[in-house]
Number of protein chains: 2
Amino acid sequence: MADYKKRFETIIEKLRGNGHKITPQRLAIVKILAKSENHPNVENIYDQIKGDFPTMSLATVYRNIVLIKSLGEVLELGFPDGSNRYDGNQPAPHPHVICIKCKKIVDPDLDSLDKMQKEVAEETNFKILNHRLDFFGICSECMTEKG
Amino acid sequence: MADYKKRFETIIEKLRGNGHKITPQRLAIVKILAKSENHPNVENIYDQIKGDFPTMSLATVYRNIVLIKSLGEVLELGFPDGSNRYDGNQPAPHPHVICIKCKKIVDPDLDSLDKMQKEVAEETNFKILNHRLDFFGICSECMTEKG
DNA sequence: ATTTTAATTGATAATAATTTGCAATTAACA
DNA sequence: TGTTAATTGCAAATTATTATCAATTAAAAT
């Protein structure tokens, strides 16, 4: 339950501070990203907005995501199959748990990653800058479903 | 330093056992995958083979990888940018450390993942089936380079 | 309030890795 | 050696994302 409003304002301020205009389309995209507890994809964002902006282009969603990513204000979860999910609420890297049936994405609490990262850095002599940890499985809802 | 020959034979046997023919092209692909300590991509595999098989198609590499993947004998490391790297030597999921400059991929020793996976399963009520852990950074060689 | 200017948008074309369809080839078995 | 289903090679199709460019517009300056 994060503070959507604060995230929204942070992103908007960062956009302004970097000389970007706040268009209505952009505003709508930022609103969705600031929540994004459900980790939406581009289509989800587009679908939510095109009701209010019928002429809106998918390219606009893509471009705004690229921009907001470049400001470090959204975490892009890209998957090998080409799908992408976004988290503008928690833009720092963090682990995810993904249901392979319903595609739900959940943020678990895990704090042992820092230690692990240090171990890996020592062993491999890498300077570690980033990481990505996904667990794949089946959520309890999908588990109890028939079929 | 794994046992290439054993991996090679294992994969070939599994192919035979599932009614697949051992063509010369396939044999060459399996050989490369059985080593694959350097985590080759499709292009790497294709380039290594087309000297011996000038008419060889990229599609054949793709198709064979799909097949061997379906038998669980190669680990596909797909990345959000669309690139893929393969490990037929260690086909079970394991962490990777990736240099963002030279794209080298290294396998660190890490054993605390099992515990972490159990914790996550308990907390989220997911049945965890798989995982993916990548650390991104700069290797020692790239670190000491100029530029 | 107008004007000015650069950023942004929308529509469409381009991109590029992977996949698919199909005819020709071939490994493996009888 | 013949038979048959699997495999190959080529080219076309696919598909998410990116780039192009003229028209629009937010926001600062006047």
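In what follows, chains are A, B, ... by sequence order, proteins preceding strands, each numbered from 1.
Contact check, B:Thr55 against D:dG9: a side-chain N or O comes under 4.0 Å of OP1 or OP2. The side chain of A:Gln25 places no N or O atom within less than 4.0 Å of a non-bridging phosphate oxygen (OP1 or OP2) of D:dT25. The shortest distance between the side-chain N/O atoms of B:Asn41 and the OP1/OP2 oxygens of C:dA17 is not below 4.0 Å. Side-chain nitrogen and oxygen atoms of B:Arg26 include none within less than 4.0 Å of the OP1 or OP2 phosphate oxygen of D:dA6. Side-chain N/O atoms of A:Asn64 include one lying less than 4.0 angstrom from OP1 or OP2 on C:dT9.
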Report each atom pair, protein N/O against N/O of nucleotides 19-21 of chain C, whose distance is under 3.5 angstrom.
from	atom 1	to	atom 2	distance (Å)
C:dG21	O6	B:Arg63	NH1	3.2

Distances under 3.5 Å between protein N/O atoms and the N/O atoms of nucleotides 27-29 of chain D, please, pair by pair.
from	atom 1	to	atom 2	distance (Å)
D:dA27	OP1	A:Ile22	N	3.0

Can you give the donor-acceptor pairs under 3.5 Å from side chains of residues 129-136 of chain A to other protein atoms, not counting sequence neighbours?
from	atom 1	to	atom 2	distance (Å)
A:His131	ND1	A:Gln117	OE1	3.2
A:Arg132	NE	A:Asp134	OD1	3.2
A:Arg132	NE	A:Asp134	OD2	3.0
A:Arg132	NH1	A:Gly78	O	3.0
A:Arg132	NH2	A:Gly78	O	3.2
A:Arg132	NH2	A:Asp134	OD2	2.9

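Scored by the salt bridge (charged side-chain N to carboxylate O under 4.0 Å, His left out) test, A:Glu76 finds A:Lys69 as partners (sequence neighbours excluded). Under the side chain to side chain donor-acceptor pair (under 3.5 Å) criterion, B:Lys35 pairs with no residue, sequence neighbours left out. Taking A:Asn44 as the reference, A:Asn41 meet the side chain to side chain donor-acceptor pair (under 3.5 Å) condition, with sequence neighbours excluded. Residues satisfying the salt bridge (charged side-chain N to carboxylate O under 4.0 Å, His left out) test with B:Lys118, not counting sequence neighbours, are none. Legend: residues meeting salt bridge (charged side-chain N to carboxylate O under 4.0 Å, His left out) with B:Asp47, ordered by chain and number and at least two apart, are B:Lys50. Contacts of B:Asp81 classified as side chain to side chain donor-acceptor pair (under 3.5 Å), with partners at least two apart in sequence or in another chain: B:Ser83.
As a whole-Å value, the separation of B:Lys50 NZ from D:dG9 P is 13 Å. The distance between atom OH of A:Tyr46 and atom P of C:dA11, rounded to the nearest whole Å, is 8 Å. A straight line from CZ of B:Phe53 to C1' of D:dT7 spans 13 Å, rounded to a whole angstrom. The interatomic distance linking A:Met56 (CE) with C:dT8 (C1') rounds to 12 Å, in whole Å.
Linking ILVMFWY residues whenever their side-chain heavy atoms come closer than 4.5 Å, directly or via other members, leaves B:Ile128 and A:Ile138 in distinct clusters.
Between A:Asn89 and A:Leu33 there is no side-chain heavy-atom pair separated by less than 4.5 Å.
Counting only residues at least two apart or on different chains, the ring pair (Phe, Tyr, Trp, His ring centres under 6.0 Å) pairs with a member in residues 36-70 of chain A are A:His39-A:His96. Residue pairs meeting the side chain to side chain donor-acceptor pair (under 3.5 Å) criterion with at least one member in residues 16-34 of chain A, sequence neighbours excluded, are A:Arg26-A:Asn64.
DNA chain D lies under 4.0 Å from no heavy atom of any residue of residues 78-87 of chain B.
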